[in-house]
Amino acid sequence: MNLTRDTGFNPPCPLKRGSCPVSRVSVITQLTQQETWEEFLAYRLQKGRLNWHEFDEADAFVEQQQYLPLALRIAQGEGLGIPTKKLVNKMGSGKKRVVYSFADDEMLVLKLIAFLLYKYDDRLAPNCYAFRRGLKAYDAIFKLNKAIHGQQMWAYKLDIHDYFNSIDIDILLPLLKEMLDDDPPLYGFFEQMLTNPNVSFNKTIIEERHGVMAGTPTSPFLADVYLNEVDHYFHDANVIYARYSDDIIMFAPDYDTLQQYKEKMCHFLAQYHLEVNPDKEKVYSPDEAYEFLGFKCHGHDIDISEATKRKMKGKIKRQANALLRWKNKNGMEAEKAMKALINYFNRKFFESDDPENLTWSRWFFPVINQTDGLKEIDRYLQQYIRFLSIGRHNKTNYRVDYAQLKALGYRSLVNEYYKFKEIDRL
């Protein structure tokens with residue numbers, strides 16, 4: 001891409017960046033094949049993305065070929081139905097974010113398509129970490145720390161505002177057509193889905209520009225495609241750089257060079273009609289710990305980021321206050337409210353009901369080597385569990401001692417972390 005041009009937008013061609021196996025059968029055709037669905041379900045079970053109950057339901061769905069009517073309609077060129085737009089709470093902030101979903105069977109078909117899209121993985125840049133098979137998001141932390149080891153580096157971190165829903169479909173489609181050049185029916189399916197402006201919101205059909213629709217299973221892949229040329233540009237320039245969807249960080253040996261990288265990135269984003277979230281933009285000096293993907297890194301030390309702690313504390317406080325109101329309104333015993341708070345965060349930290357949701361134990365435990373952040377959250381959660389005993393913050397709360405908290409089901413993040421590390425060493 002020629003960044004010196006002031007007029008027009010010339011979408012880059014990501015196709016030449018890599019090659020994928022020639023697909024003799026379109027992904028759209030594979031949607032009608034039972035063996036494809038069986039392979040997909042086996043993969044999801046193996047990766048822990050289905051519990052046995054969910055697997056039994058999905059297995060019946062495949063065994064009885066319940067997918068077939070929808071798959072055949074798609075193969076004949078019929079698109080999906082109208083997506084539903086929802087506003088959901090952003091964890092720890094009290095703000096809302098926009099997500100989209102289709103009917104249950106359509107969402108399952110999109111999950112299968114997302115699974116099959118991994119064949120294009122080698123066309124994405126190595127410094128892009130979202131939606132990559134065999135590459136976890138936190139691999140970025142290990143690779144970044146290895147790359148900057150022993151060097152005094154400046155860093156620039158940014159977050160793209162409402163990235164998935166802000167993607168310009170007119171810019172994306174030519175890029176996607178090149179990426180999927182071996183599968184025209186698949187491209188046609190995406191073109192139809194992405195250009196349909198109709199959305200159901202509050203039980204009313206509206207028209208809007210919705211980007212790649214955050215919350216849908218194929219949106220991470222489409223988001224990778226959209227900035228693929230940007231990722232490749234910094235990779236080819238040997239810049240220490242990582243992107244996970246809308247989160248980007250880059251490093252430079254001095255401040256002036258970092259400013260040049262920043263200007264280049266801002267130029268790219270302007271061409272792609274994207275905006276930086278100013279509240280999440282930061283320059284780190286060589287003496288500062290940098291934060292990325294919820295981690296705080298300083299030399300060899302890796303802990304939970306300050307932003308992650310703030311968000312979790314906000315979540316704990318709001319949940320505790322809600323339970324206190326529920327307790328007072330219904331005249332329930334304090335112990336019941338305390339157990340409800342404990343159970344809620346046990347699921348959040350260790351054992352989410354949703355296999356798609358990354359718990360803290362799955363996200364942070366394999367990476368961090370410091371426990372200060374875990375200790376801080378432990379203390380904060382214990383404080384609010386005790387708060388529910390009388391509805392106030394004071395010393396009398398500590399009549400509920402640690403043994404009583406454990407008897408109610410409380411699990412310490414620090415203790416669970418050391419258990420994880422001990423098992424990991426075996």
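In what follows, every heavy atom counts, from backbone to side chain, and hydrogens, waters and symmetry copies are set aside.
Put simply, the side chain of Ile248 does not reach to within 4.5 Å of the side chain of Phe292, judged on heavy atoms. By the 4.5 Å heavy-atom criterion applied to side chains, Tyr226 and Leu176 are not counted as neighbours. Side-chain contact between Tyr187 and Leu173 is present, with at least one heavy-atom pair separated by less than 4.5 Å. Gln382 is listed as a side-chain neighbour of Arg386, based on a closest heavy-atom distance under 4.5 Å. When side chains are defined from C-beta on, Ile304 does not count as touching Trp363, because their heavy atoms never get closer than 4.5 Å. The closest side-chain heavy-atom distance from Asp183 to Tyr120 is below 4.5 Å. Inter-residue side-chain proximity for Met250 and Met265 is flagged as met; some heavy-atom pair is nearer than 4.5 Å. Within the 4.5 Å cutoff, side-chain heavy atoms of Phe349 are placed close to those of Leu381.
A donor-acceptor pair under 3.5 Å is formed between the side chain of Asn127 and the backbone N or O of Asp231. Side chain of His298 to main chain of Asp287: a donor-acceptor pair is present (N/O by atom type, distance under 3.5 Å, no hydrogens or angles). Ser412 contributes a side-chain N or O that, together with a main-chain N or O of Asn415, makes up a donor-acceptor pair within less than 3.5 Å. Remark: side-chain polar atoms of Tyr418 are not paired, donor with acceptor, to backbone N or O of Leu413 under 3.5 angstrom. Judged purely by atom type and a 3.5 angstrom limit, Glu106 uses its side chain to pair as donor or acceptor with the backbone of Ala103. Side-chain atoms of Thr195 come within 3.5 Å of backbone atoms of Glu191 as a donor-acceptor pair (strictly under, hydrogens ignored). A donor-acceptor contact shorter than 3.5 Å links the side chain of Lys421 to the backbone of Phe365. The backbone N or O of Gly79 sits nowhere less than 3.5 Å from a side-chain atom of Arg73 that would complete a donor-acceptor pair. Looking only at distances, a side-chain donor or acceptor of Asp139 sits under 3.5 Å from a matching main-chain atom of Lys136. Using a distance-only test at 3.5 Å, with no hydrogens or angles considered, no donor-acceptor pair links the side chain of Thr257 to the main chain of Pro253.
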Glu38 vs Val62, side-chain contact (heavy atoms from CB on, under 4.5 Å): CA-CA, chis, key distance, verdict | CA-CA 7 Å; Glu38 291 172 348; Val62 173; 4.0 Å; yes
Begin from the C-alpha positions of Ile113 and Val27 and carry the test side-chain contact (heavy atoms from CB on, under 4.5 Å) through to its verdict.
-> CA-CA 7 Å; Ile113 291 175; Val27 164; 4.3 Å; yes
Stepwise ring-ring contact (aromatic ring centres under 6.0 Å, His included) check, Tyr241 with Phe251 = CA-CA 6 Å; Tyr241 163 107; Phe251 295 81; over 10 Å; no
side-chain contact (heavy atoms from CB on, under 4.5 Å) evaluation trace for Tyr284 with Trp154 | CA-CA 6 Å; Tyr284 298 97; Trp154 289 78; over 6 Å; no
Are Val225 and Leu172 close enough, and set up right, to give a side-chain contact (heavy atoms from CB on, under 4.5 Å), and what steps lead you there?
-> CA-CA 8 Å; Val225 172; Leu172 172 64; 4.2 Å; yes
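Using modelled atom types and a 3.5 Å distance limit, the side chains of Asp168 and His273 yield a donor-acceptor pair. Between the side chains of Tyr129 and Asp247, no donor N or O sits under 3.5 Å from an acceptor N or O. Under the 3.5 Å distance criterion, with hydrogens and angles disregarded, no donor-acceptor pair is assigned to the side chains of Tyr233 and Asn228. Between the side chains of Gln76 and Glu78, no donor N or O sits under 3.5 Å from an acceptor N or O.
Checked against the 6.0 Å centroid criterion, the rings of Tyr138 and Phe295 do not qualify as a close aromatic pair. Between Phe350 and Phe345, the gap from one ring centroid to the other reaches at least 6.0 Å. With ring centers used as reference points, Phe221 lies 6.0 Å or more from Tyr118. Note: Tyr261 and Tyr156 fail the aromatic proximity criterion, with ring centroids not under 6.0 Å apart.
When every heavy atom of Asn165 is checked against every heavy atom of Val98, the shortest pair comes out as ND2-O, 3.2 Å. Of all heavy-atom pairs spanning Arg133 and Asp121, the tightest one is N-OD1, 3.9 Å. Considering all non-hydrogen atoms of both residues, Asn369 and Ile302 come closest at OD1-N, 2.8 Å. In terms of heavy atoms, Ala114 sits closest to Phe131 at O-CZ, 3.1 Å. For Ile167 against Ala223, the heavy-atom pair with the smallest separation is CD1-CA, 3.9 Å. Lys327 and Ala337 make their closest contact through CD-CB, 3.9 Å (heavy atoms, listed as atom of the first residue, atom of the second, distance).
Counting non-hydrogen atoms of other residues, nucleotides and ligands closer than 6.0 Å to CD of Gln66 gives a total above 12. Open room surrounds NZ on Lys177; 12 or fewer heavy atoms of other groups in view lie less than 6.0 Å from it. In the displayed structure, Tyr255 atom OH is contacted under 6.0 Å by at most 12 heavy atoms of other residues, nucleotides or ligands.
Of the candidates Leu158, Asp224, Ile249, Arg243 forms a side-chain contact (heavy atoms from CB on, under 4.5 Å) with just one, namely Asp224. Applying the side-chain contact (heavy atoms from CB on, under 4.5 Å) test between Val199 and each of His210, Arg209, Glu207 identifies His210 as the sole match.
Taking CD from Gln33 and CD from Gln65, the interatomic distance works out to 11.5 Å, rounded to the nearest 0.5 Å. Here the CG-CG distance, from Leu374 to Asp303, works out to 6.5 Å after rounding to the nearest 0.5 Å. The NZ atom of Lys339 sits 14.0 Å away from the CG atom of Leu388 when rounded to the nearest 0.5 Å. One finds the CG atom of Leu144 at 7.5 Å from the SG atom of Cys297 (value rounded to the nearest 0.5 Å). Within the model, atoms OG1 of Thr29 and CD1 of Ile74 stand 11.5 Å from one another, a figure rounded to the nearest 0.5 Å. One distance of note links OG of Ser285 with CD of Gln152; it measures 9.0 Å at 0.5 Å rounding.
In this structure, Lys85 forms a cation-pi arrangement with Phe201, its terminal cationic atom sitting closer than 6.0 Å to the ring centre and no more than 45° off the ring axis.
Ion pairing between Lys419 and Glu416 holds under the 4.0 Å rule for side-chain N and carboxylate O. A salt bridge does not link Lys309 with Asp372: none of the charged nitrogens is closer than 4.0 Å to a carboxylate oxygen. Salt bridge status for Asp182 with Lys119: present, with a side-chain N to carboxylate O gap under 4.0 Å. At a threshold of 4.0 Å, the pair Lys296-Glu306 counts as salt-bridged, since one of the basic side-chain nitrogens sits closer than that to a carboxylate oxygen. Between Lys282 and Glu291 there is no salt bridge, since none of the side-chain N atoms of the basic residue sits less than 4.0 Å from a carboxylate O of the acidic one. Glu351 and Arg362 are not joined by a salt bridge, as no carboxylate oxygen comes within less than 4.0 angstrom of a charged side-chain nitrogen.
Note: His235 and His232 have perpendicular aromatic rings, judged against thresholds of 30 and 60 degrees for the angle between ring planes. A tilted orientation is assigned to the rings of Tyr384 and Tyr380, their planes being inclined by 30° to 60°. Between Phe40 and Phe115, the ring planes are tilted. Angles from 30° to 60° get that label.
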